[in-house]
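Below: one structure, written as structure tokens.
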Amino acid sequence: MTYVINDACIGVQEKECVEVCPVDCIYDVGEMLLIHPEECIDCGACETACPVQAITHERDVYPEGAPFIAINAAIAESPEKARAALGEWRTAAAS
Ligand code: SF4
Ligand code: SF4
């Protein structure tokens with residue numbers, strides 16, 4: 001279990017979460033930021049730092065945000081995989 005960033009982050013330019021993360025496991029993929037699930041130490045610092053409540057623990061992800069568990073996990077493979085997963089979510093959300 002780890003922390004997850006959801007779509008509330010999309011388009012937000014400030015990066016308060018990055019500034020407080022003690023292990024530098026939050027990655028910018030362009031549209032938004034994502035948490036590497038294997039590097040995150042579950043400290044919770046980013047959750048309280050985010051001004052738009054875009055970060056929750058995986059166990060607290062709301063149903064509509066469930067795809068973001070996999071989108072965040074994809075950053076463990078590569079930024080390209082993560083961007084592709086984000087694109088698939090956008091296509092599904094628009095249909
Ligand atoms: S929970 Fe802690 S370690 Fe994990 S992404 Fe947030 S600040 Fe970084
Ligand atoms: S603080 Fe929140 S909105 Fe800002 S970059 Fe981090 S997750 Fe996104």
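One-based numbering, in listed order, for ligands and for the atoms of each. Computed from a predicted model, the values in this text were never measured in an experiment.
- The shortest heavy-atom contact between Ile41 and Pro22 is CD1-CG, 4.0 Å.
- Residue Pro51 has at least one heavy-atom neighbour below 4.0 Å for each of these atoms of ligand 2: 1 (S).
- Under a 4.0 Å heavy-atom criterion, Ala8 is not in contact with ligand 2.
- Taking both residues in full, the closest heavy atoms of Glu47 and His57 are given as OE2-N, 4.2 Å, listed atom of the first, atom of the second, then distance.
- Ligand 2 places these atoms under 4.0 Å from at least one heavy atom of Glu16: 1 (S), 4 (Fe).
- Atom 4 (Fe) of ligand 2 has as its closest protein heavy atom Glu14 O, 2.8 Å.
- Near Val52, the atoms of ligand 2 lying under 4.0 angstrom from a non-hydrogen atom of the residue are 3 (S).
- The heavy-atom pair separating Asn6 from Met32 by the smallest distance is O-CE, 3.4 Å.
- Protein atoms that are N, O or S and lie under 2.8 Å from atom 8 (Fe) of ligand 1 are these: Cys21 SG.
- A pairwise comparison of heavy atoms in Ala82 and Val29 identifies CB-CG1, 4.2 Å as the closest pair.
- With contacts defined as side-chain heavy-atom distances shorter than 4.5 Å, the pair Ile26/Cys46 qualifies.
- Nearest protein heavy-atom contact of atom 2 (Fe) of ligand 2 is Cys50 SG, 2.3 Å.
- Residue His36 comes nearest to Ile75 through the heavy atom pair CA-CG2, 3.5 Å, listed as atom of the first residue, atom of the second, then distance.
- Residues Ile55 and Tyr27 share a hydrophobic cluster, clusters being chains of Ile/Leu/Val/Met/Phe/Trp/Tyr side chains in contact below 4.5 Å.
- Of the protein's non-hydrogen atoms, the one nearest atom 1 (S) of ligand 1 is Gly44 N, 3.2 Å.
- For the residue pair Cys21 and Asp24, the shortest heavy atom distance occurs at SG-N, 3.5 Å.
- The side chain to side chain contact (heavy atoms under 4.5 Å, CB included) test applied to Glu16 returns Glu14, Ala49, Pro51, not counting sequence neighbours.
- In terms of protein heavy atoms, atom 8 (Fe) of ligand 2 is closest to Cys9 SG, 2.4 Å.
- Exactly one residue among Val4, Asp42, Asn72, Ile35 makes a side chain to side chain contact (heavy atoms under 4.5 Å, CB included) with Glu58. That residue is Val4.
- Here is the list of ligand 2 atoms found below 4.0 Å of a heavy atom in Ile55: 7 (S).
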